[in-house]
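Numbers for residues simply follow the sequence, beginning at 1. None of the values given here were measured: they were computed from a predicted structure.
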Amino acid sequence: MCSRTKPRNGRTGRPRSTEADAAILEATRAALVELGWSKLTMGDVAGRAGVAKTTLYRRWANKNELVVDAVAVLFDELELPDLGSLQADIEHVVLQFAALLERPETKTALMAVVAESTRDEPLRERIRASIVERQKRLVLAGRMRAQQRGELPAHRDPVATDATDDLIFDVIAGAVVHRALVSAEPVDEAWVARLSALLVGGLGAAAAVGG
């Protein structure tokens, strides 16, 4: 998918180039894999992307913002096709997610920004906005589709609906990231099937509690 990075407020001038943005974000991920977070500089990224350093600073204030956007565009590749059941839909997207985490550029960039965000509140907020909130679209689509099939009850309370969406996202993202990046265990089809069955089985109870 294309980059969804946004121009910084108050900036004017020539229109942004989608091709230039893509080259910059790709260069950022390559530099992270090769150099690591501490040695990565805006100048190195500019050189790899073949743009002036001022071009980067017109788009991103610092390397924190740049790296988050470089990660976010990778997660935008995730899709949720309609496979006929909630469990099948979940299994598909979880396997996509796991495959994405196996890529060196994703693994390095994600772990770097998460580590840095523990002491940088603005970076945490950017991660929430650019990655977490954007990827909740998958949960929303999956829940609505499951409700249309009759697999899940429709929530009448929007607060309960939001809470359920947050729970689904947290369970999936937390479980997959922990297994793939912390425990370093395989996220294979058997494990994904067990996770999906557990999640689908628990959603009915969560919906009943939420009302």
Side-chain angles (χ1 to χ4, degrees), residues 1-5 22 25-26 28-30 32-33 67-115 117 126-153 155 161-207 210:
M1 292 188 178
C2 64
S3 169
R4 299 185 187 178
T5 53
L25 297 178
E26 183 177 355
T28 302
R29 294 188 295 268
L32 266 173
V33 172
V67 172
V68 170
D69 284 0
V71 178
V73 75
L74 293 178
F75 284 97
D76 285 342
E77 297 175 9
L78 297 176
E79 297 178 345
L80 186 69
D82 187 347
L83 298 180
S85 73
L86 178 58
Q87 183 162 341
D89 292 351
I90 291 173
E91 289 178 8
H92 181 87
V93 78
V94 169
L95 287 169
Q96 279 188 85
F97 184 28
L100 183 61
L101 292 179
E102 288 179 358
R103 291 161 57 174
E105 64 271 27
T106 311
K107 183 185 305 184
T108 304
L110 182 62
M111 294 190 78
V113 295
V114 168
S117 72
R126 193 171 182 89
I127 291 171
R128 289 190 195 105
S130 297
I131 300 177
V132 176
E133 294 302 324
R134 255 168 41 189
Q135 295 315 312
K136 282 184 181 177
R137 64 187 170 83
L138 299 171
V139 174
L140 176 61
R143 176 179 55 76
M144 292 180 65
R145 190 182 292 158
Q147 288 173 339
Q148 291 168 356
R149 296 188 191 115
E151 295 175 286
L152 292 177
H155 280 307
T161 299
D162 289 344
T164 299
D165 289 347
D166 287 344
L167 177 62
I168 296 169
F169 184 89
D170 289 345
V171 169
I172 293 175
V176 177
V177 169
H178 187 276
R179 185 165 179 87
L181 302 186
V182 179
S183 298
E185 295 288 342
V187 182
D188 54 24
E189 290 186 2
W191 184 87
V192 170
R194 290 195 297 272
L195 172 67
S196 302
L198 182 65
L199 182 59
V200 170
L203 279 173

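For the atom pair OG1 (Thr164) and CG (Leu140), the distance works out to 12.0 Å, reported to the nearest 0.5 Å. Going from atom CG of Leu95 over to atom CG of Leu100 covers 12.5 Å, rounded to the nearest 0.5 Å. The structure places CG of Leu86 at 7.0 Å from CZ of Arg149, a figure rounded to the nearest 0.5 Å. The line from CZ of Arg128 to OG of Ser117 is 8.5 Å long, rounded to the nearest 0.5 Å.
For the pair Leu152/Gln147, a side-chain contact is recorded, criterion being any heavy-atom separation below 4.5 Å from C-beta on. Here the side chains of Leu110 and Phe75 are in contact, with some heavy-atom distance below 4.5 Å. Using a 4.5 Å heavy-atom threshold, the side chains of Arg137 and Gln135 count as touching. Between Leu195 and Val176 the shortest side-chain heavy-atom distance falls below 4.5 Å. Side-chain contact between Asp165 and Lys136 is absent, with no heavy atoms from C-beta onward closer than 4.5 Å.
Sorted by first and then second residue, the side-chain hydrogen bond (donor to acceptor under 3.5 Å, both in side chains) pairs with a member in residues 179-199 read His178-Ser183; sequence neighbours excluded.
Side-chain atoms of Thr108 do not come within 3.5 Å of backbone N or O of Leu32 as any donor-acceptor pair. Here the side chain of Arg143 pairs no donor or acceptor atom with the backbone of Ile168 at under 3.5 angstrom. Between the side chain of Asp89 and the backbone N or O of Asp82, no donor-acceptor pair lies under 3.5 Å.
Under a 4.0 Å N-O distance rule, the pair Glu26/Arg29 does not qualify as a salt bridge.
In terms of heavy atoms, Ala72 sits closest to Ser130 at CB-O, 3.4 Å. Counting all heavy atoms, side chain and backbone alike, Ala129 lies closest to Glu133 at O-CB, 3.9 Å.
Residues forming a ring-ring contact (aromatic ring centres under 6.0 Å, His included) with Phe169 (at least two apart in sequence, or on another chain): none.
Of the candidates Val192, Leu83, Leu80, Leu83 is the only one forming a side chain to side chain contact (heavy atoms under 4.5 Å, CB included) with His92. The side chain to side chain contact (heavy atoms under 4.5 Å, CB included) test with Arg126 singles out one residue from Ile131, Val113, Val67, Asp69, and that residue is Asp69.
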